Amino acid sequence: MSKLKLLVTSALPYANGPIHLGHIAGAYLPADIYVRFNRLLGNDVVYICGTDEHGVPITLRAEKENVTPRTIVQRYHEDIKKAFQRCNIVFDTFSGTSHMHNKHHASLSREFFMYLNKNNLISVKLTDQHFCPKCQRFLADRFIEGSCPRCGFAEARGDECSNCNYQFDPLELKNPKCKICQDAPEIRSTKHWYLRLDVMQKELEKWIAGKTYWKENVVTFVHGWFKQGLKERAITRDLYWGVPVPLEEAAGKVLYVWFDAPIGYISATMEWAEKNGNIDKWKEYWQNPECRVVHFIGKDNIPFHAIIWPAMLMGQRQNYQLPWHIPANEYLNFGFSADDKSVKASKSVGNVVWVHECLDIFPADMVRYCLAACAPEKQDTMFTWKDFQLKCNSELLGVIGNFANRVLKFIANNFNSQVPGSALLSERDKEVLAKIRLTPKEVERLYANFDVRNAVAEIVNLSRLGNQYFDEKAPWKSVKENKRDCEACMFVSIQIVNALAVMLSPVIPESAQKLWEQLGYKDKICKWEQASQEIAPGHTIGTPTGLFQKIEDDVIAPLEEKLASAIQKAAQAAPEAKLAIETKAVETTTATATTPVPAQAQATVASVQPPAATPTGKAKSISLDLFQTLDLRIGEVIEAEKVPKSDKLLKLQVKIGSEMRQVVSGIAKYYTPEQIKGKKVPIILNLEPAKIRGIMSEGMILCADVEGRPVLLLPEQDVPSGAMVK
RNA sequence: GGCGGGGUAGCUCAGAUGGUAGAGCGACGGCUUCAUAAGCCGCAGGUCACGGGUUCAAGUCCCGUCUCCGCUACCA
C-alpha cells in the first residue's frame with residue numbers, strides 16, 4: 001500500500017478558559033490516536049492545533065478583569081497547551097491565531113479576504129446602527145432599549161415591543177439607551193462585508209455529494225443547511241481585537257473570529273514549516289491533491305467545517321485542499337450514579353471535570369484509555385467517575401495489564417526469561433495464533449475508520465481470549481506434568497502480549513512502550529507490522545512490573561461526591577429535581593464561534609456574547625425620591641400555572657392585600673406551580689403592564705439572580721400580603 | 001412553539017442494505033491460584049417508549065402519540 005500524506009487538525013480551543021474532559025474526548029484524543037496510528041503505518045502526518053485567540057468573548061473577559069486581551073490569551077494559551085502536554089496529545093505545532101503566536105496568520109487571513117473579494121464572493125452592505133460613544137461600540141439589538149415607536153411602551157427591546165408585539169427596525173426605537181452603560185447611543189452608519197455563501201451553494205452541494213464516506217451526523221447536518229438555503233454571512237465586525245480588514249475603507253474593523261479561526265490551520269502549518277527550515281513545505285499538504293486534510297471537531301462545529309470553511313477555501317481559487325474528512329464527535333456528558341441510576345448533569349462551570357484536575361490524580365494513559373473506550377462517536381455518552389474507575393480497573397488493569405503480567409512473570413519465573421520454543425503446537429494453539437494474526441487487521445480497519453471505541457473493544461477482546469486460553473491450558477500445571485505443552489502455551493501467549501502492546505500504543509503510548517520494553521525490546525514501537533511480528537523462541541524478555549495501579553474506592557469517592565454535589569446543587573433549583581443539564585464536549589473552545597447567528601445580526605459587537613456582569617457600584621445612583629416611586633409590596637401567590645407553549649413562563653395570580661394581580665414570571669425552569677403557590681414574594685406593582693405571549697402581566701416578582709438562575713426572596717417571618725417593601 | 005437528536009437487559013452502550021435481540025459492568029452460582037484478590041465458567045434479565053400501517057417477515061421502513069435532551073423563542 002502506498003503511503004498517504006495527511007494533514008490532521010483538531011478544533012482550535014478558544015483561549016478564554018481551560019479545557020475539560022469532554023473536549024479531549026471529542027476532538028483531541030481521537031485525533032491524537034489517529035495521528036499516532038497513521039505514523040505507525042508509515043504515513044506522512046502533520047498534526048496541527050493552536051488556540052483561537054480573537055473575538056468578543058476574549059475582549060469582554062479582558063475588560064472585566066481590567067487587563068488586555070493579550071493577557072487573557074496568553075494565560076489560557078499556556079494553560080491549554082500544558083493540559084495537552086500532560087495528556088500526551090502531541091501536535092507538530094501548537095500555535096495560535098493572534099500575532100504573538102503566529103506571524104503568518106494575519107497576513108494569510110487578509111489574503112483569504114482579498115482573494116474572495118477578487119473572485120466576487122464578498123458583498124458589502126452599509127447599514128445604520130446604534131453606536132454607544134461611551135462604550136465605544138456598536139450595539140446589537142439586544143443591547144438597546146427604548147420606547148416603542150407605536151405604543152410608546154418605555155421598555156421596548158431593540159427591534160420588538162413586548163407590550164404591543166410590534167416588530168420594527170432598531171433605528172425606529174425612540175429614546176434608545178445602551179443597556180450596558182445606560183447612555184444614549186448615536187446612530188452611525190457602518191459597513192460590513194459578507195461572504196456570499198448563497199452563490200456558492202451549488203458548488204458546495206456538488207462537492208459534498210462525493211463525501212459518501214462521511215459520518216452520518218455530519219451529512220445530515222449539512223443537508224439541513226442546504227435545505228434552508230445558504231445565506232450571506234457577515235465576516236467583519238466593529239472591534240479592536242482581531243485581524244484588521246485589509247481595505248482602506250474598513251478602518252477600525254476586524255475579520256470576524258469565525259472567519260479567521262480556521263485559517264489558523266493553515267497559518268500554523270506555515271509556522272511549522274518555517275520552524276523546520278522550509279517555509280514552502282506547507283504547500284506540500286494544503287495545496288497537494290494527494291494530501292488528505294482531516295478536521296477533528298465537536299458536533300457544534302459542523303457547519304463551519306463542512307460548509308463555511310470549504311467555501312472559503314474554494315473561493316480562493318488557489319488549489320487549496322478541501323477537507324477530506326470531518327470526523328465530528330458528539331458530546332461527553334458528565335454525571336454521577338446514585339441508586340444504580342445515573343444522573344446526568346452539568347452545564348455551569350463547576351459541573352465538568354477539568355483536564356488538569358484529572359491529571360493531578362491519574363496517569364494520562366488511564367484517562368486516555370477511558371475516554372477512548374467510551375468516546376462519544378455516534379451518540380452523546382456519559383462520564384462518571386465510577387465508570388472511569390470500573391473501566392480502568394476491570395479492563396485496563398484486570399484484563400490487559402494482568403494478562404501481560406501473568407505471561408511475562410511466568411516466563412521470567414519458569415523459563416529464565418527466555419521465550420520457549422514452539423515445537424509442538426496443538427490445534428487449539430494454532431487456532432489462537434490465527435486469531436492473533438487476524439486481530440491487527442481488524443483493528444487497523446477500525447482505527448482507519450475513526451472507530452476508536454470498537455478498536456479498543458477488539459483489543460480488549462484479544463486480551464480476554466488470552467486469559468481464557470491461559471486458564472484453559474493451565475500452564476502452572478503443565479509446567480510440572482507436560483513441559484512441551486507449557487512451552488507452547490507461553491509461546492502463543494507472548495505473541496498476544498506483543499500484539500497488544502503495538503495495537504494499544506496509539507491509545508496508551510506510555511504504557512504500551514513500557515510493555516514493549518518488558519517484552520525485551522530496546523527500540524520504540526514504530527511500525528504497525530510489529531503487531532503481527534512473531535517473537536522468536538529464545539528471545540529474552542525484560543523485567544515484568546505492573547503497568548497500572550488499581551484505583552481504590554477512597555480515591556474515587558471524593559471525586560464523585562464533588563461532581564455529584566455540584567450537579568445536585570444545580571438540580572435543586574429545578575422543578576421536580578429533574579433538571580438534566582448537559583455540558584458540551586467542545587463547548588466554547590472550538591475553532592470557531594459556535595452559535596449560528598442570523599447574517600444580519602452579526603455585524604454588531606455584542607451579538608454573540610452577553611455583556612460582562614455589571615460590577616457593583618457602577619450603576620447610576622438615584623435619589624430617594626426616585627426610589628420611592630417604586631410601589632414594592634409583598635404579594636401572596638394564590639394560583640400558578642404554566643404558560644402553554646413556553647418553557648420559562650409561569651402565570652401567577654397574586655394577592656396584594658385585597659387586590660388581585662396577574663403576573664407572568666420567567667421562572668418555570670426552576671419553580672413548579674406547586675412550589676410557588678402560597679409563597680409570599682416581593683413584587684413591583686407600578687411597573688407598566690406588559691403582554692407576554694399574549695398574557696397580561698401587571699407586575700414583576702423579584703428574585704435574586706444566581707448565575708442566571710432566579711431564586712425566590714421570601715420574608716424572614718410571616719407578613720400580611722400587601723405589606724410595603726421599603 | 002420552531003429546528004435537530006434520542007427512548008434497546010438493573011447500569012453504560014452496540015445493533016450497514018428489514019429475516020428467530022447483543023457486549024461490558026452489576027446480581028446470582030461455581031472453578032482456579034501462574035498473575036496487581038487479578039482470571040475463567042455457568043445462569044438470570046428485554047411485549048427493542050406507545051399506537052397504527054407497509055411486508056411472508058420490522059428494534060430496523062411509513063404515519064401518529066407520549067417522553068427526554070440540545071439549539072432557538074418566550075424571562076416586566
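Numbers restart at 1 for each chain; the letters A, B, ... are given by sequence-line order, proteins then strands. Since we're looking at a predicted model, the values are computed, not measured.
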Are [X] and [Y] close enough that some pair of their side-chain heavy atoms sits under 4.5 Å apart?
{"X": "A/L559", "Y": "A/I361", "answer": "yes"}
{"X": "A/M503", "Y": "A/L462", "answer": "yes"}
{"X": "A/F388", "Y": "A/L21", "answer": "no"}
{"X": "A/L371", "Y": "A/F383", "answer": "yes"}

Identified pairing partner of [N], criterion: Watson-Crick or G-U wobble below 3.5 Å:
{"N": "B/A21", "result": "none"}
{"N": "B/C28", "result": "B/G42"}
{"N": "B/A57", "result": "none"}

Within 90° of 0 counts as syn, otherwise anti: where does B/G45 fall?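 Because its glycosidic torsion lies within 90° of 0, B/G45 adopts the syn conformation.
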Protein-nucleotide distance ([X], atom [atom1]; [N], atom [atom2]), rounded to Å:
{"X": "A/R464", "N": "B/A38", "atom1": "CZ", "atom2": "C1'", "answer": "13 Å"}
{"X": "A/L390", "N": "B/U12", "atom1": "CG", "atom2": "P", "answer": "13 Å"}
{"X": "A/L408", "N": "B/C34", "atom1": "CG", "atom2": "P", "answer": "17 Å"}
{"X": "A/K386", "N": "B/C25", "atom1": "NZ", "atom2": "P", "answer": "17 Å"}
{"X": "A/D485", "N": "B/C34", "atom1": "CG", "atom2": "P", "answer": "17 Å"}
{"X": "A/N402", "N": "B/G39", "atom1": "CG", "atom2": "P", "answer": "6 Å"}

Go through the steps to decide whether A/D485 and A/R428 satisfy the test salt bridge (charged side-chain N to carboxylate O under 4.0 Å, His left out), and finish with yes or no. CA-CA 11 Å; A/D485 196 41; A/R428 176 61 173 154; over 6 Å; no
Write down the distance separating the [atom1] atoms in [N] and [M], rounded off to the nearest Å.
{"N": "B/C48", "M": "B/G42", "atom1": "P", "value": "27 Å"}
{"N": "B/C50", "M": "B/A58", "atom1": "C1'", "value": "16 Å"}
{"N": "B/G39", "M": "B/G4", "atom1": "C1'", "value": "46 Å"}
{"N": "B/C41", "M": "B/U32", "atom1": "P", "value": "15 Å"}
{"N": "B/G26", "M": "B/U20", "atom1": "C1'", "value": "28 Å"}
{"N": "B/U17", "M": "B/G59", "atom1": "C1'", "value": "16 Å"}
{"N": "B/G24", "M": "B/C56", "atom1": "C1'", "value": "36 Å"}
{"N": "B/G18", "M": "B/G5", "atom1": "C1'", "value": "23 Å"}

Nearest listed nucleotide, side chain of [X], among [options]:
{"X": "A/M382", "options": "B/C13, B/C74, B/C34", "value": "B/C13"}
{"X": "A/D471", "options": "B/U36, B/C34, B/G24", "value": "B/C34"}
{"X": "A/W476", "options": "B/U33, B/G24, B/A35", "value": "B/U33"}

Parallel, tilted or perpendicular: which describes the rings of A/W258 and A/F304, with under 30° parallel and over 60° perpendicular?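 Judged by the thresholds at 30° and 60°, the geometry between A/W258 and A/F304 is tilted.
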Identify whether any heavy atom of [X] sits under 4.0 Å from a base atom; if not, whether one sits that close to sugar-phosphate; answer base, sugar-phosphate or nothing.
{"X": "A/G546", "answer": "base"}
{"X": "A/R661", "answer": "nothing"}
{"X": "A/F403", "answer": "nothing"}
{"X": "A/K378", "answer": "sugar-phosphate"}
{"X": "A/I684", "answer": "nothing"}
{"X": "A/V664", "answer": "sugar-phosphate"}
{"X": "A/E698", "answer": "nothing"}

Salt-bridge test for A/K514 and A/E517: reply yes if a basic N is under 4.0 Å from a carboxylate O, no otherwise.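 Salt bridge absent between A/K514 and A/E517.
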May I ask you to verify if any side-chain N or O of [X] is less than 4.0 angstrom from the OP1 or OP2 atom of [N]?
{"X": "A/K409", "N": "B/U36", "answer": "yes"}
{"X": "A/Q468", "N": "B/G39", "answer": "no"}
{"X": "A/R406", "N": "B/U32", "answer": "no"}

Does A/F221 have A/K215 sitting over its ring (NZ/CZ under 6.0 Å from centre, angle to axis within 45°)?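 No.
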Using a 4.0 Å heavy-atom cut-off to protein, can you give one letter per nucleotide of nucleotides 1-9 of chain B, 5' to 3': B if the base is in contact, S if only the sugar-phosphate is, - if neither? S---SS---
Given salt bridge (charged side-chain N to carboxylate O under 4.0 Å, His left out), test A/D380 with A/K299 step by step and report yes or no. CA-CA 10 Å; A/D380 291 1; A/K299 65 176 162 188; 3.0 Å; yes
